[in-house]
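Computed from a predicted model, the values in this text were never measured in an experiment. Here is the naming used below: chain letters follow the sequence lines, and residue numbers restart at 1 for every chain.
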Amino acid sequence: MEKSRPLWDNPLQFVFACISYAVGLGNVWRFPYLCQMYGGGGFLIPYFIMLIIEGMPLLYLELAVGQRMRQGSIGAWKIISPYLCGVGIASIVVSFFLSMYYNVINAWAFWYLFHSFQDPLPWATCPLNSNHTGYEEECEKTSSTQYFWYRQTLNISPSLEASGSVQWEQALCLTLAWLVVYLCILRGTESTGKVVYVTASLPYCVLIVYLIRGLTLHGAVNGLVYMFTPKLEQLSNPKAWISAATQIFFSLGLGFGSLIAFASYNKPSNNCERHAIIVSLINSTTSVFASIVTFSIYGFKATFNYESCINKMILLLMNTFDLEEGSVTADNLSEMKGYLMATHPQEYAQLSPQLRNCSLEAELDTAVQGTGLAFIVYSEAIKNMEVPQLYSVLYFFMLLMLGIGSMLGNTAAILTPLTDSRAVAARFPKEVISGVVCLINCVIGLIFTMEAGNYWFDIFNDYAATLSLLLIVLVEAIAVCYIYGIRRFEKDLHTMIGRKPNWYWKIMWAFASPLLIISLFIFYLTDYILTGKLQYQAWDATQGQLVTMDYPGYALAVIGLLVVASTMCIPLGALLTFVRKRLKRESVSTTA
Amino acid sequence: MLRVLLLILSVVAVGHAELCKPDAQNAFKVRLSIKTALGDNAYAWDANEEYLFKAMVAFAMRRYSSKSATQISNVLLCNVTDRVSFWFVVTDSSKNMTAVPGSEVEAAIRMNRNRINSAFLLSEKTLQFLRITSTLSPPVEPSTPVWLIVFGVVLCLIVAGIIFLIVAGIQQRKKKNKESTERENLEEKGEVTVTVENGIPCEALDLKAGHVNGVFAADDERFTSL
């Protein structure tokens, strides 16, 4: 009796799983940054063009492969061609690297979530120094939110070399994060299918609440206007197009094997073409939606800081020159400055190092991405809202949902091939395999909870998945179109869905997407070669800001290892299969 | 007589002027931000408020050292500006109108800071004594950090969920194993052919293994009895 493959309860679970996986933290913390850097509203043009050229076709390709072959990544590519088993293994290696470091973000989200149940929020004020005469020195130099992130959350060391010890609080949060992931994947699609209803829909509820709250904040309009004024001259900057292509590529999570794994649990008659279009469109609109929210928050924070700066200057002038309260206001500040400079030149000159020109544009220009945006900028904005505890809990819960949704996809990419392979699945039940994978990842993940952990996190974040994924997806596209054959693929799709793909899909698969990926690949390689040294941002506690430092030798070795470990799997797999076939042929010929 | 009085007054005035001037040795600068603190309810700073201030400082000095007999007239104010800021100095009448040492004044003000603040409806930030550092109150910290409590609750819930799912899975597998061994025994005996539809054995659909179709059996009642 053949053991039937577990299936999703209904197609909606599959769509939700894909959305939950694709809509992740990148939509919230990377897209708004790119929008700001590359021309505001104008960035949407290259973004949607890239969606049509590479996003939808490649997503459809992966879903179709998974649904047709009904196996995880290793099995699926082996069926297409035995020489391509390396592609599946490379996907697993990349997924493994990703799951190692990605769950640390969920640990941080848990940390902030648990700390949101206090009044006042712990990142709202600086802690006092030891003799209670003033605030902590490091906190004075920087802001209270940055201090909370760098000192009380990460307890970051001044450089990568100073590893420090494991922070037990972060280790606890990481363990909790892995337990949550284990709970969700424990029973395979049975449990994952129910969890994705929550992880896919809850972030949208929170984003809507934040949209309403964000748009009603004082100064939100400044941020929105700043973002959406299209600076069309950025369109001529090639970096804008490359960033759009890269963002679409990584945002959809192609090449990890998660989409193949999810699609393999579909009924063969599932209409994956429609689902591919739906998922990619929802992913992109979520990015735009999230950036509207982010920019209204930016606007609020920038306006708040600008007004505090103005008030500080007013107070300074009033105190130095003993002017009546209310005589200097925001409107007449510049005139008063001129008047005072004329009437009391000496005292004004003494004061000038402390006087700053407060500028709203300068505040808005501080473009931040990544963990800085999510944990520093947002928490700074939240602490100034009314009922900050509520908004804080909502926000970090949303981050958690986004992160866990993506983790489910990653672990599915690793577990599906393992449970498919008869060697492993026959001996151990599903729960044990999932448990072992989670345990190994958790133990390795403790590296990221050390004092220098954030620097290692940045290494993994920047290098573990970038080049390898481009290569994997390129090989996938070429394999399906030219090795498997596009006519055979067409026939398969016709059997599954009931109609053949039209010319748009075929042209994209065969020419446009591979060409685009090759150009991205060449661009990244030349960029790495031209920049020469690789550098990172380290936190200097004495100055209270980030400084650029060079990576030490062993860190560069780790980076090289990360890239090589996954990319080399492809040729090695092909070579191994070739050698094995040769040996088999020889043994057959000798016995015959 | 009048001339003597005038002379004494001028001497006193000069003495006062020497004691109370900006950056004098034992003088302190005070700055009030009444409009910032009270907004529309702000009061104007006039001679009456100055009298109250002198009274508060005298009160603070008396409270600090019980032997001190500071009078309101011992507190001198000068250089009042529109900002509302001024300098003050406390004199000691027993020591021939010299200024009380700054350290004593500082300690006295520190001790009675919140009484002085509340007399003027102001706070530490809006009634500033420059050069007198204030002791900031540390934030209230509960014995167990709040985050650990929330962490513990969530951890217990998650672990309970995991254990529940694992146990349910083991029970399900045991049941399946029992059924499959039973079926294997029956198959060996050759008695029951197992028809499988969609991976579900047909006998699981109708456990009674009857040869009567239940639907038609129920229809007997529809036929009228003869």
Query raised in the report: Can you name the nearest heavy-atom pair linking B/Leu165 to A/Arg187, along with the distance?
Result: O-NE, 3.5 Å
Report task. Please determine, among A/Tyr182, A/Phe117, A/Phe114, the option with the most heavy-atom pairs under 4.5 Å with chain B. Result -> A/Phe114
Report task. May I ask you to check whether over 12 heavy atoms, not counting those of A/Glu137, lie within 6.0 Å of atom CD? Result -> no
Report summary line: Value for CZ (B/Arg83) from CG (A/Leu317), rounded to nearest 0.5 Å, stands at 11.0 Å
Report summary line: Given A/Met318, A/Lys430, A/Glu431, the one with more heavy-atom pairs under 4.5 angstrom with chain B than any other is A/Met318
**Report entry** Which portion of B/Ile163 sits near chain A, non-hydrogen atoms under 4.5 angstrom
**Finding:** neither
**Report entry** Nearest-0.5 Å distance that lies between atom CG in B/Leu130 and atom CG in A/Asn319
**Finding:** 8.0 Å
Requested in this report: Decide if atom OH of A/Tyr339 counts as having more than 12 heavy atoms of other residues, nucleotides or ligands within a radius under 6.0 Å.
Outcome: no
Requested in this report: For residues A/Asp322 and B/Ser85, report the shortest heavy-atom separation together with the two atoms involved.
Outcome: OD1-OG, 2.8 Å
Query raised in the report: Do you know which two heavy atoms are closest between A/Leu176 and B/Leu155, and how far apart they sit?
Result: CD1-CD1, 3.5 Å
Query - B/Phe59 atom CZ: more than 12 heavy-atom contacts under 6.0 Å - result: yes
**Report entry** Closest approach of A/Pro429 to B/Arg173 (non-hydrogen atoms, all atoms of both residues)
**Finding:** CB-NH1, 3.7 Å
Report summary line: So, the part of A/Leu186 with a heavy atom under 4.5 Å from chain B: the answer is side chain
Report task. Output the option from B/Val84, B/Thr36, B/Ile149 having the highest count of non-hydrogen pairs under 4.5 Å with chain A. Result -> B/Thr36
Report summary line: What one should report as the nearest heavy-atom pair of B/Trp147 and A/Gln118 is N-NE2, 4.5 Å
Query - NZ (A/Lys194) with more than 12 external heavy atoms under 6.0 Å - result: yes
Report task. Below 4.5 Å from any heavy atom of chain A, which atoms of B/Ala168 appear? Answer side chain, backbone, both or neither. Result -> both
Report task. For each of A/Thr125, A/Thr175, A/Leu172, A/Val180, tally heavy-atom pairs with chain B at distances under 4.5 Å, and name the one with the top tally. Result -> A/Leu172
Query - Within 6.0 Å of OH in B/Tyr51, more than 12 heavy atoms from elsewhere - result: no
